[in-house]
Amino acid sequence: MRIARFIDAEVGPWNRSEKTMAATLLPSISNDWLLLADRGFYSFAAFSAAAQTGAALCWRAPTQLSLPVLKVLSDGTYLSALVDPRLRGRKREELLQEARNGAKPDPAAAHVVRVIEYDVPDRDGGELVCLITTVTEPESATAAELASAYHQRWEEEAANGQLKTVLRGPGKVLRSKSPDLVHQEI
C-alpha cells in the first residue's frame with residue numbers, strides 16, 4: 001500500500017490554503033494508497049471527497065468531532081459514524097441506527113469509520129491522538145500500524161517545519177516568484 005500524506009508537499013501561491021492545494025492532489029490518488037491527513041484537513045466534505053478516490057483514509061480527528069461508539073472491536077478500537085453535519089434530528093439518528101445495524105449508509109450522508117485512540121506520553125501532560133480510518137477491519141491494518149504511519153507523517157511535517165523556519169536562517173526570504181522556481185530554490 002502506497003502512502004500519501006496531506007502535508008506541505010505542495011507549493012503554490014501564498015494565498016492558497018493547504019486544504020485547497022490538498023484537494024488538487026485527490027485526482028492522482030488511487031485505491032492502493034493510504035491517505036494520511038492532520039486534524040486541520042478534516043471536514044465532512046473533504047473526507048467524503050478523499051473517500052471517493054477509493055484510497056484507505058487515516059486522518060486525525062479534530063478535538064470537537066463527535067464520534068459515537070457503534071461497536072467496540074476486539075483490538076480496543078471502535079466503529080463510529082461520520083454524519084454530514086447538515087443532517088440533524090431524526091434523519092441523523094436514523095443514519096446512526098442504520099450504521100449500528102451493520103448497514104453501509106449513503107456516503108453522501110455518512111461514513112462508517114474505525115476510531116483509534118492512543119496516548120503520546122512524552123508530550124507535556126500526555127496527548128490523546130484520535131485517528132479515524134476507513135480501514136474498519138483490524139486484520140487489514142492493526143491500530144499500531146496505522147498509528148505508526150500517522151506518526152511518520154507527523155515526523156515529516158516537523159522536518160518540513162524546520163526547513164521553513166529554522167534551517168533557512170533568520171530573515172531569509174525565498175527569491176522565487178513561481179511554484180517551479182520555489183521548488184528549485186528549496
Side-chain angles (χ1 to χ4, degrees), residues 1-10 17-19 21-23 25-26 29 32-51 53 55-85 92-93 95-97 99-100 102 104-105 107 110-167:
M1 183 179 296
R2 295 171 57 188
I3 296 179
R5 299 168 182 89
F6 279 173
I7 57 173
D8 300 329
E10 174 92 10
S17 72
E18 288 180 320
K19 285 183 181 182
M21 289 188 283
L25 297 174
L26 289 178
I29 306 292
D32 62 338
W33 286 39
L34 172 64
L35 181 59
L36 303 165
D38 198 12
R39 60 183 156 201
F41 286 95
Y42 179 80
S43 71
F44 183 80
F47 193 90
S48 296
T53 67
L57 309 181
C58 183
W59 292 23
R60 185 165 179 186
T63 307
Q64 73 279 8
L65 186 63
S66 175
L67 295 166
V69 177
L70 303 178
K71 178 182 177 184
V72 177
L73 302 175
S74 60
D75 66 347
T77 63
Y78 62 93
L79 296 181
S80 187
L82 303 174
V83 179
D84 186 331
R92 182 179 189 82
E93 289 307 314
L95 283 166
L96 289 172
Q97 190 56 48
R100 275 187 198 94
K104 187 175 179 182
H111 300 277
V112 173
V113 293
R114 180 169 152 218
V115 179
I116 300 166
E117 296 178 330
Y118 62 94
D119 190 36
V120 181
D122 61 346
R123 306 263 172 178
D124 291 336
E127 180 180 2
L128 181 67
V129 175
C130 181
L131 302 177
I132 50 177
T133 180
T134 57
V135 181
T136 57
E137 299 294 327
E139 300 79 32
S140 298
T142 67
E145 289 170 330
L146 292 169
S148 178
Y150 181 77
H151 178 74
Q152 183 63 37
R153 186 216 62 82
W154 208 344
E155 292 293 322
E156 290 180 22
E157 185 171 332
N160 283 343
Q162 288 292 315
L163 174 66
K164 291 190 307 187
T165 60
V166 178
L167 297 177

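Numbering of residues begins at 1 and proceeds along the displayed sequence.
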### Summary
Taking every heavy atom of Ala37 against every heavy atom of Tyr150, the minimum-distance pair comes out as O-CE1, 3.7 Å
### Task
Return each pair, listed once, that meets salt bridge (Lys or Arg N to Asp or Glu O under 4.0 Å) where at least one residue sits in residues 61-84; pairs must be two or more places apart or across chains.
Asp75-Arg114, Asp84-Arg86
#### Entry: CA sep, side-chain torsions, deciding dist, call: Leu131, Val115, side-chain contact (heavy atoms from CB on, under 4.5 Å)
CA-CA 6 Å; Leu131 302 177; Val115 179; over 6 Å; no
### Query
Are side-chain heavy atoms of Tyr78 and Ser80 found at a separation under 4.5 Å?
yes
### Task
List the atom of Phe44, the atom of Pro107, and the distance in Å for their closest heavy-atom pair.
CZ-O, 4.1 Å
### Distance in Å, Leu95 CG paired with Arg100 CZ, rounded so as to fall on 0.5 Å steps
11.0 Å
### Query
Hey, what do you get for CD (Glu145) to SG (Cys58), rounding to the nearest 0.5 Å?
11.0 Å
### Distance (rounded to the nearest 0.5 Å) between Phe41 CZ and Leu36 CG
11.5 Å
### Task
Kindly indicate whether the side chain of Val135, heavy atoms from C-beta on, has any atom under 4.5 Å from the side chain of Val113.
no
### Flag side-chain contact, heavy atom, 4.5 Å: Val83 against Leu96
yes
### Query
Which heavy atom of Leu34 sits nearest a heavy atom of Leu57, and at what distance?
CD1-C, 4.2 Å
### Summary
With sequence neighbours left out, the residues meeting side chain to side chain donor-acceptor pair (under 3.5 Å) with Ser43 are none
### Message
Nearest 0.5 angstrom please: Leu146 CG to Tyr118 OH, how far?
### Response
9.5 Å
### Summary
In this structure, CD1 of Ile116 is separated from CD1 of Ile132 (nearest 0.5 Å) by 10.5 Å
#### Entry: Residue pairs, two or more places apart or on separate chains, that pass salt bridge (Lys or Arg N to Asp or Glu O under 4.0 Å) and touch residues 39-50
none
### Message
If you apply the rule side-chain contact (heavy atoms from CB on, under 4.5 Å), what do you find for Val112 with Lys104, and how did you get there?
### Response
CA-CA 7 Å; Val112 173; Lys104 187 175 179 182; 5.9 Å; no
### Task
Can you measure from SG (Cys130) to CG (Leu67) and round to the nearest 0.5 angstrom?
5.0 Å
### Task
Using only heavy-atom distances, determine whether the side chains of His111 and Thr134 contain a donor-acceptor pair under 3.5 Å.
no
### Message
For Phe47 and Tyr42, take the angle between the two ring planes, folded into 0 to 90°, and tell me which bin it lands in: parallel under 30, tilted 30 to 60, perpendicular over 60.
### Response
tilted
### Query
What's the shortest heavy-atom distance between Thr133 and Thr136, and which atoms?
O-CG2, 4.4 Å
### Query
Mind checking whether Thr63 and Leu65 have side chains closer than 4.5 Å, heavy atoms only?
no
